[in-house]
Amino acid sequence: MTNIRHALSVTRDADFAAWYQDVISEAEMAEESGVRGCMVIRPWGYGIWERIQKLMDERIKAAGVENCYFPLFIPLSYFSKEAEHVEGFAKEMAVVTHHRLIADGKGGLVPDPEAKLEEPLIVRPTSETVIGAAMARWIQSWRDLPLLTNQWANVVRWEMRTRMFLRTSEFLWQEGHTAHADREDAMVETLRALEMYRSFSEECLAMPVMAGEKPENERFPGAVATYSIEAMMQDGKALQAGTSHYLGTSFADAAGIRYQDREGQQALCHTTSWGVSTRMIGGVIMVHGDDDGLRVPPAIAPHQIVILPMLRDDDGDAALLAYCEELRKALAAQSALGEPLRVMLDKRPGKATQKRWAWVKKGVPLILEIGGRDAAGEQVSVIRRDRLWREDGKVNFSAEARDSFVARAAAEVADIQHSLHVEATARRDANIHRGVGTLAELTEFFAEEKRYPGWVELNWSRPTGDALETVVQQLKALKLTIRNTPMDSAPAEGNCVFTDAPAVERIFVARAY
RNA sequence: CGGGGAGUGGCGCAGCCCGGUAGCGCGUCUGCUUUGGGAGCAGAGGGUCGCAGGUUCGAAUCCUGUCUCCCCGACCA
């Protein structure tokens with residue numbers, strides 16, 4: 001439709017990176033803070049995060065995991081106990097070295113040299129070490145296991161290049177940390193968390209993902225095995241949207257997490273950790289957003305329905321508002337997706353048309369514009385965000401009897417959730433390519449610049465060590481990374497694309513955020 | 001952290017090369033008209049030009065430093 005006047009000034013097709021930032025800005029989700037790599041999360045963005053928190057927290061608790069809170073600061077000595085862990089994080093750490101400021105004599109303030117800390121504190125980039133120290137105190141006996149904890153927190157990683165929601169210096173997340181008697185029990189928990197993330201992503205975010213194991217070179221520092229869920233963005237790139245790690249006994253060894261088993265012997269615990277972050281919001285934007293802004297899946301929408309009275313600043317307004325308030329109550333009494341409908345009556349002064357475009361950009365699933373004629377005729381005018389435009393390029397209003405709409409509103413909301421998932425899944429599946437058998441074919445496939453053709457699923461022999469490093473470098477030359485080996489990876493037929501040895505499994509290869 | 005670009009009313013930009021009263025569009029406010037689908041006309045308000053030094057009679061403009069953002073790279077649970 002060439003005659004559509006979209007709500008955003010940049011289209012996905014013209015400049016995906018600029019479009020992404022425009023959505024965040026125009027939907028008033030977040031903005032710059034003036035602090036390098038850190039963002040201010042505005043009410044609409046934070047409201048979406050609160051929905052994610054609520055739904056994820058229910059699932060975490062349902063698995064018997066209890067919430068705790070651990071300190072923001074971690075003594076450097078805690079952190080240095082696990083060598084690989086240090087290696088992986090040392091380069092991106094914020095460090096606290098002083099506890100007082102003094103005047104510098106030029107009107108400014110500097111750290112007081114007299115107030116230098118005996119031992120520097122790091123601002124947590126993740127909490128394995130400090131939680132491990134607590135676990136060592138809490139666990140004495142096999143009766144104390146498994147120990148299942150989680151915390152909702154902020155963490156800091158001093159990333160070189162940041163992008164709102166996708167990679168910020170400070171971000172919000174949950175981190176689950178568990179300790180188990182043996183490998184088997186820890187692996188069950190690792191995979192339970194992975195499945196929790198997979199189903200959450202599909203059901204709540206309407207975001208299809210591939211759950212699988214990361215290759216050796218992409219493992220969390222110190223982990224024995226790392227699993228991820230990977231989502232495909234509309235530009236064909238992959239986004240790691242959640243991870244779950246089996247940590248073996250190395251963190252337990254470093255922190256002294258031991259228990260006395262049934263035979264009276266001391267044994268090391270097997271630990272896990274798993275997390276999802278505000279990065280998920282970036283994924284939602286790039287999976288569901290369109291040229292008119294965000295489209296929020298109803299399950300995580302702060303408001304699922306917004307009612308916009310067409311106020312005219314005259315005597316008729318009171319009656320119109322009364323009609324809208326009655327409508328709001330009737331809708332809020334319904335339930336969709338297992339919860340009461342979240343309905344907002346936008347009474348702010350201003351033209352309904354202007355407010356409409358603001359809500360379109362925020363991606364509210366259903367917008368009801370109610371004028372005097374609707375009120376008089378017991379009608380509603382409905383805009384469904386995921387079907388915004390008509391064939392003729394006009395906004396797709398549909399008028400309907402009030403009672404009829406109220407009766408089916410919950411089903412409509414659920415249908416939007418379903419529709420977004422179907423649309424995203426179809427796009428993802430259409431952009432996963434199979435049948436690439438050689439490195440030359442892979443090179444050819446990704447030859448085009450800027451917009452990416454999606455992911456390639458290919459056979460490989462699961463090389464390790466130097467052989468894996470060679471593969472990683474070959475892929476790097478094509479700006480590609482191995483995303484994961486899908487959980488349902490059937491034994492692959494044929495040979496490895498890289499080593500020509502017999503293939504043992506399949507992997508996804510893609511450009512990634 | 002390397003290369004490139006940028007920071008000027010709420011937002012988007014021009015002005016800078018070649019120093020001399022800080023401008024435009026959108027939005028905001030007021031009034032009138034209009035208004036069932038992103039209104040029109042008229043008027044008004046709003047800016048220590050990212051920050052700190054320097055050069056100069058005079059700096060948005062020239063010089064130095066610094067902070068922040070964007071793009072490419074390196075890095076990246």
Side-chain angles (χ1 to χ4, degrees), chain A residues 4-10 15-18 20-22 25-26 28 31-39 84-85 87-93 104 106-108 124-128 155-164 166-169 171 173 175 214 217-223 226-228 240-245 247 273-277 279 292 308-314 316 320 349-361 367 369-377 379-383 388-390 393-399 449-450 476 479 481 512-513:
Chain A
I4 288 179
R5 183 179 155 200
H6 285 293
L8 300 183
S9 53
V10 191
D15 186 341
F16 197 80
Y20 176 75
Q21 292 183 119
D22 206 35
S25 163
E26 292 294 317
E28 299 181 334
E31 65 187 13
E32 293 306 330
S33 64
V35 181
R36 182 198 160 81
C38 296
M39 61 182 173
E84 283 186 45
H85 197 53
E87 176 81 11
F89 281 105
K91 281 180 264 180
E92 51 182 53
M93 207 81 83
D104 66 358
K106 291 181 282 187
R124 63 182 166 213
T126 180
S127 303
E128 274 74 7
V155 291
V156 169
R157 298 179 187 180
W158 213 257
E159 301 287 355
M160 288 293 108
R161 190 171 169 192
T162 59
R163 281 166 175 274
M164 285 208 183
L166 298 178
R167 181 174 286 109
T168 45
S169 298
F171 58 93
W173 75 345
E175 48 181 324
K214 295 295 256 186
N217 63 304
E218 299 268 357
R219 274 183 203 140
F220 175 71
T226 287
Y227 298 83
S228 71
Q240 180 173 308
T243 50
S244 184
H245 315 287
L247 302 174
S273 68
W274 28 272
V276 296
S277 71
R279 170 182 270 197
D292 297 293
L308 286 180
M310 299 175 69
L311 301 172
R312 299 179 71 162
D313 206 20
D314 63 21
L320 181 59
K351 302 207 105 188
T353 47
Q354 290 178 333
K355 292 196 286 181
R356 175 215 303 160
W357 289 107
W359 288 116
V360 163
K361 288 187 282 192
I367 298 170
E369 283 188 39
I370 310 295
R373 239 176 272 168
D374 293 306
Q379 287 214 322
V380 294
S381 294
V382 186
I383 302 172
L388 186 60
W389 302 103
R390 288 198 315 230
K394 298 216 164 110
V395 174
N396 188 16
F397 285 98
S398 60
E449 291 296 316
K450 199 165 178 185
K476 193 173 177 179
K479 296 191 206 173
T481 54
Y513 279 99

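Hydrogens, waters and symmetry mates play no part in the numbers below; they use all other heavy atoms, side chains included. Lettering of chains follows the sequences in order, A, B, ..., and the numbering in each one begins at 1.
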Tell me whether Y20(A) contacts the main-chain N or O of M164(A) through its side chain, where contact means a donor paired with an acceptor under 3.5 Å.
yes
Using the P atom as the reference point in each nucleotide, state the distance between G7(B) and A60(B) in Å, no decimals.
15 Å
Which of C71(B), C76(B), C75(B) is nearest the side chain of Q21(A)? It is C71(B)
Whole angstroms only, please: what is the CG-P distance between D314(A) and U33(B)?
14 Å
With heavy atoms under 4.0 Å as the rule, sort G37(A) into base, sugar-phosphate or nothing.
sugar-phosphate
Check for a donor-acceptor pair, side chain of R279(A) on one end and backbone N or O of L166(A) on the other, with a separation under 3.5 Å.
yes
Take atom CZ of R373(A) and atom P of U35(B), then tell me their distance rounded to the nearest Å.
11 Å
P-based separation of G46(B) from G54(B) [nearest Å]
31 Å
Between the main-chain N or O of K214(A) and the side-chain N or O of S228(A), is there a donor-acceptor pair closer than 3.5 Å?
no
Which value, in whole Å, describes the distance between the P atoms of nucleotides G3(B) and G65(B)?
13 Å
Rounding to an integer number of Å, can you tell me how far R167(A) CZ sits from C70(B) P?
13 Å
What is the distance, rounded to the nearest whole Å, between atom OH of Y513(A) and atom C1' of C75(B)?
18 Å
Counting any heavy atom closer than 4.0 Å, what does S33(A) reach on the DNA or RNA strands: base, sugar-phosphate only, or nothing?
nothing
Check every strand shown and say whether R36(A) touches a base, only sugar-phosphate, or nothing at a heavy-atom separation below 4.0 Å.
sugar-phosphate
Distance in angstrom units between K355(A) NZ and A39(B) P, rounded:
14 Å
Any K479(A) side-chain N or O less than 4.0 Å from OP1/OP2 of G73(B):
yes
Given 3.5 Å as the limit, does a donor-acceptor pair link the side chain of H245(A) with the main chain of T226(A), or not?
no
I need the CE-C1' distance between M164(A) and C70(B), as an integer number of Å.
11 Å
On RNA chain B, does the nearest nucleotide to E32(A) precede the nearest nucleotide to E218(A) from the 5' side, or the other way round? Give the residue.
E32(A)
Here RNA chain B, pairs taken as Watson-Crick or G-U under 3.5 Å and shown with ( ), [ ] when crossing and | when to another strand, reads ((((((((.[[[[.)....(..]]]].((((((.....)))))).....[[[[[..)....]]]]])))))))....
Should S25(A) be listed as having a side-chain N or O under 4.0 Å from OP1 or OP2 of C11(B)?
no
Between C13(B) and G2(B) - C1' atom distance, rounded Å
30 Å
Can you tell me if K351(A) touches the phosphate of G40(B), counting only side-chain N or O atoms and a distance under 4.0 Å to OP1 or OP2?
no
Under 4.0 Å, counting only non-hydrogen atoms across every strand here, what does P221(A) touch: a base, just sugar-phosphate, or nothing?
sugar-phosphate
Could you check how far CG of L166(A) sits from C1' of C69(B), rounded to whole Å?
16 Å
I'd like to know if S381(A) reaches the base of G36(B) with its side chain such that a donor and an acceptor end up less than 3.5 angstrom apart.
yes
On RNA chain B, nearest-nucleotide positions of G34(A) versus T226(A): which is more 5'?
G34(A)
Rounded to whole angstrom units, what separation is found between the CE atom of M39(A) and the C1' atom of U68(B)?
16 Å
Inter-nucleotide C1' distance (G58(B), A14(B)), Å rounded
23 Å
